[in-house]
Amino acid sequence: MQTATNYKVLVVDDDRDIVEMLQYNLTREGYDVSEAENGKQAVAVAQSVKPDIILMDVMMPVLDGIAACRQLRELEEFRNTHIIFLTARSEEFSEVAAFEAGADDFITKPIKPRALLSRLAAYTRRDALQEEENQVIEIGDLRIDRTSFAVYKGDAKITLPKKEFELLSFLAATPNKVYTREELLNNVWGNDVYVIARTVDVHVRKVREKIGEENIKTIKGVGYKFNND
């Protein structure tokens, strides 16, 4: 379950004072903060750090917030990212256009830190509730219970070591999405643990031996996906 201590927030604004104020308050609350100064840079940084929440100004040079939001929503990896616009009271822009581009919410400048943190806490609580609802994954005759670390194929219970279970449940959570070995290493083993790409191959082989060959497919030259066809 995610909390503020592992949420990534990308702050996008061409006003340096606002960026520093937000970074200070968000970091104190436990968020992992990245920054960008325009929409074009925001898209690039987002693709690198994979933020959970993006706080983005509307009026910016190079690429405005609405255009940047539209570009991000066209990418599968940001379909569920929370994108919140930072808007000045004097700005005149179409809220309809902003929502059509994929905005989730608006926060009016001048920004009040306590109100902002309260708003973000509401998003983290909502995500946590959604996560609890999705703790059991059922695909075909395979059932993965992420609360009890149990896997069932039909009526048979399959015992998997922790990393094999985490690898299986991570892939199964997004069926048919292809992950590179590096992405699997980062998401299952974490950046702080040194393991090589071959580790993924070994764990995939072990999982296949226990649940069957048909569930995890190899995409040659790319990585792996959980097959839901």
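Since the model is a prediction, treat every value here as computed from it, not as a measurement.
Applying the ring pair (Phe, Tyr, Trp, His ring centres under 6.0 Å) rule to pairs touching residues 203-223 yields Trp189-His203, sequence neighbours excluded.
With a 6.0 Å radius and a threshold of 12 heavy atoms from other residues, nucleotides or ligands, Arg28 has its CZ atom at or below the threshold. Heavy atoms from other residues, nucleotides or ligands lying under 6.0 Å from CZ of Arg114 number 12 at most.
In this structure, Ile84 and Tyr123 have side chains that are in contact, with non-hydrogen atoms separated by less than 4.5 Å. Counting heavy atoms from C-beta outward, Leu63 and Gln71 have side chains that approach closer than 4.5 Å. The closest side-chain heavy-atom distance from Val19 to Arg16 is below 4.5 Å. The shortest distance between side-chain heavy atoms of Thr174 and Tyr179 falls below 4.5 Å. In this structure the side chain of Phe226 reaches within 4.5 angstrom of the side chain of Leu142, judged on heavy atoms. Counting heavy atoms from C-beta outward, Glu214 and Asn227 have side chains that stay 4.5 Å or more apart. Residues Leu116 and Glu29 form no side-chain contact, since every pair of their non-hydrogen atoms from C-beta on lies 4.5 Å or further apart. Annotation: side chain of Asp57 is not in contact with side chain of Asp15 (no heavy-atom distance under 4.5 Å).
With Ser169 contributing its side chain and Glu166 its backbone, the two residues share a donor-acceptor pair below 3.5 Å. Put simply, the side chain of Lys163 gets close to the backbone of Val188: a donor and an acceptor are under 3.5 Å apart. For the pair Arg73 (side chain) and Thr81 (backbone), a donor-acceptor distance under 3.5 Å is present. No donor-acceptor distance shorter than 3.5 angstrom exists from the side chain of Arg181 to the backbone of Asp201, with no hydrogens or angles considered.
Closest of all the heavy-atom pairs between Leu171 and Lys225 is CD2-CA, 4.4 Å. Nearest heavy-atom pair, Gly65 versus Met56, reported as atom, atom and distance to 0.1 Å: O-CE, 3.6 Å. Of all heavy-atom pairs between Tyr224 and Thr218, the closest is CE2-OG1, 3.2 Å.
In the hydrophobic cluster analysis, where Ile, Leu, Val, Met, Phe, Trp and Tyr join through side-chain heavy atoms closer than 4.5 angstrom, Val178 is grouped apart from Phe170. Cluster membership for Phe85 and Val62, using ILVMFWY side-chain heavy atoms within less than 4.5 angstrom, is not shared. Neither Tyr152 nor Phe149 shares a network with the other; the hydrophobic side chains, linked directly or stepwise wherever heavy atoms of I, L, V, M, F, W or Y lie under 4.5 Å apart, form separate groups for each.
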For residues 37-48, dump all side-chain donor-acceptor pairs below 3.5 Å to protein atoms at least two apart in sequence or in another chain.
| residue | atom | partner | partner atom | Å |
| --- | --- | --- | --- | --- |
| Asn38 | OD1 | Lys40 | N | 3.1 |
| Asn38 | OD1 | Gln41 | N | 2.8 |
| Gln41 | OE1 | Glu37 | N | 2.9 |

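Residues Asn25 and Tyr31 bring no donor and acceptor atom of their side chains to less than 3.5 Å of each other.
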